[in-house]
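Some notes on the structure that comes next.
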Amino acid sequence: MPAAVLQRPPRAPAARPGTPRRTRVLALAEARWAAAATVAFLVALPLQLTGAPAGFWGPLYVLTYVTGGWEPAWSGLRALREKTLDVDLLMVVAALGAAAIGQVRDGALLIVIFAGSGALEALATARTQDSVRGLLDLTPGTATRLADDGSEETVATADLVVGDLVLVRPGERIGADGRVRHGTSEVDQASITGEPLPVVKECGDEVFAGTRNGTGALRIEVERDAGAFVIARIVAMVADASGTKAPTQLFIEKVEQRYAIGMVALTLAVFVLPLLCGADLERALLRAMTFMIVASPCAVVLATMPPLLSAIATAGRHGVLVKSAVVMERLGQVDAVALDKTGTLTSGTPQLTAVRPLPGPGWSEETLLTLAAAAEHGSEHPLARAIVAAARARGLSLPAAEGFAATPGTGVRATVDGTRIAVGAPARLLPTGHPAAAQAGALVAELEETGHTAVLVLAAGVPAGVLGIADRQRPDAAATVALLETLTGRTPMLVTGDNPRAAARLAAAVGITDVRAGLLPQDKAAAVRAEEAAGRRVLVVGDGVNDAPALAAAHTGIAMGRAGSDLAVDTADAVVVRDELAAVPAVIALSREARRLVVQNLFLASVFLSGLVVWDLAGELPLPLGVLGHEGSTVLVGLNGLRLLRTAAWRRAAAAR
């Protein structure tokens, strides 16, 4: 059987709200053909065994061959046209060969078991899709949109756009990702975050499409278009990932063709050599067909993809989008971790806490903040957002900026009210030799000593003031660092563009001893390449534009998706869409469990294959028993790989990390 690949299944009946869709067995064409073949076989078998005329049971066996064998035969012929030897075609040939020497019943049994195995594979694949795509059923089809005059309008959730205000009444499901603008309620987020208890949501809190509102009414401002909802991103990216193949699978498929050709040659040898030694034709042909069946590598081919696809689907349901089967396999191989600071170990929502204008220009705090915020308005960096948010909170009117330019790791420049303003890292912007430089440097040192990130503001190349920004450490940062150390055997390193003192303060709080601070984007990438050159497989976790080079250079990269820049999200191999740092060690543990299942499957498949082949060559392996052993091993391997689809698999990964 070919390895399972996620495809679009037949349309299934609508599920109850909040209940993931499950593809019905008979909704699959493979299952219907397998059922028809099984029924025909079960009717024919007792007729033959009770001595009924062949005219009664013969046509039923023919029906068994046709209904159960036409699909794999057609698939095999198409593969043969592409000069590829398909295992499905070999199974059909073996069944027809059995019928040709009078073993009609045994050939029909092969067809039935083979068709049943294919139906189970198709069902398992469909259920893999159901587990992820069922999230879409959680999103209501319509939402109540509020107009500017307060009137209500029922619209399709797909038609909601950023900025719309939506009313969610008690008990309703939230129709869009957004932020609460009015009201207080408890929201059940179990379907998205896995949290067992409802979470209180107030003004300013983020909510997700598909979660259920509690007893209060909420007015929510839509912050993402329908295609960018957390649920939709999970479904789309998991679907993309399902079309990829891991290196192990690619190696198996590369070997499979050569193996299949060799198997056909050995089958001919098993048939011809006994004939040359005087064996009976029928007996030699039966043994050769049995050999071809049991030597077929169906279970080996199916050993790799089900565990990896199941792990991708499970990670997706819990907010980690793994972009390919290659990435899922590589995540389990990492033995070193590099973590960004802002937006990764910290919440990524820093707040402006100090505005210190220099006396030279004579600017007030409001003037300094207005010019800095106007210049930063076009930037997506978290520190820029904090500056703009603070200006708006004070009710300041921001003038338009011209000639905006951003340099990752340095800062931004723009012309505001005719003055060229630069805002960014003091180490990069502070001029040397200017009288105000010493004053600005003293302010920078003072703020950094208290754990702030200092941001220098230049006006026409002259220091005008310093802004102090503080970020909150994530509550689970220290625990995550400890778990990553346990998983990799090495303490993670901190790579950040922030100043050494602020970086050292955070590193000490979370348990990191290897601190690389004041790095430009290329410096981060160089640090990662140095670790890779030392033979380590480095996982980089970051969120900003300045993390993109390091994410690209790493063995594997994970972006924190909620606050992450588009460039970081696009560059990374996986995305934590809900910004739960604890999901990083969990997905590593899940990947390792998937790789263990792949090894288990390959071992099981090899034991069954070699055992049946030796039995057939050294003894007398009955054809029905060979069929049962071969197809049984294929089904066993497939089902073993799908164990990771269960919700308990993520809980085990989280506990075992």
Side-chain angles (χ1 to χ4, degrees), residues 336-346 348 350 353-354 356 372 376 379 381-384 386-387 406-413 422-434 437-458 463 465-471 473 477 481 491-531 538 540-554 560 565 567-568:
V337 180
L339 299 168
D340 176 45
K341 173 180 173 285
T342 304
T344 303
L345 288 173
T346 62
T353 56
R356 304 287 180 83
E376 290 277 26
S379 174
H381 194 281
L383 299 184
I387 294 170
T407 305
T410 299
V412 303
R413 298 179 186 273
V423 185
R428 310 281 181 234
L429 297 180
L430 194 63
T432 57
H434 194 279
Q439 242 181 336
L443 281 178
V444 168
E446 178 187 338
L447 289 170
E448 290 180 349
E449 192 65 36
T450 58
H452 289 76
T453 295
V455 177
L456 180 67
V457 182
L458 300 181
V466 181
L467 308 178
I469 298 175
D471 197 0
Q473 175 187 323
V481 168
T491 303
M493 64 177 177
L494 179 63
V495 288
T496 177
D498 210 344
N499 70 84
R501 278 175 289 192
R505 186 183 295 271
L506 176 67
V510 299
I512 293 178
T513 55
D514 186 357
V515 181
R516 321 277 180 94
L519 302 182
L520 290 170
Q522 59 267 32
D523 299 328
K524 289 187 178 184
V528 171
R529 290 193 188 98
E531 293 293 315
V538 182
V540 172
V541 186
D543 73 309
V545 171
N546 59 344
D547 297 317
L551 289 167
M560 305 301 288
S565 70
L567 181 58

Spacing of [X] atom [atom1] and [Y] atom [atom2] [to the nearest 0.5 Å]:
X	Y	atom1	atom2	result
Lys341	Arg505	NZ	CZ	10.5 Å
Met560	Thr346	CE	OG1	9.5 Å
Arg413	Leu458	CZ	CG	7.0 Å
Thr453	Glu448	OG1	CD	7.5 Å
Asp514	Thr491	CG	OG1	8.5 Å
Leu467	Glu376	CG	CD	8.5 Å

Closest non-hydrogen atom pair, [X] against [Y]:
X	Y	value
Val528	Ala554	CG1-CA, 3.7 Å
Ile469	Ala386	CG2-CB, 4.4 Å
Leu551	Gly542	CD2-N, 4.2 Å
Leu430	Pro463	CD1-CG, 4.4 Å
Val466	Ala440	CG2-O, 4.0 Å
Val337	Val541	CG1-CG2, 4.5 Å

### Summary
Paired with Leu339, the side chain to side chain contact (heavy atoms under 4.5 Å, CB included) test is passed by just one of Val510, Val540, Ile512, Thr496, namely Ile512

### Message
Does any part of the side chain of Val481, heavy atoms only, come nearer than 4.5 Å to the side chain of Leu345, both counted from C-beta?
### Response
yes

### Task
Please test Val423 against Leu383 for side-chain contact (heavy atoms from CB on, under 4.5 Å), starting from the C-alpha separation and ending with a verdict.
CA-CA 10 Å; Val423 185; Leu383 299 184; over 6 Å; no

#### Entry: Salt-bridge contact Arg516-Asp523 (side-chain N to carboxylate O under 4.0 Å)
no

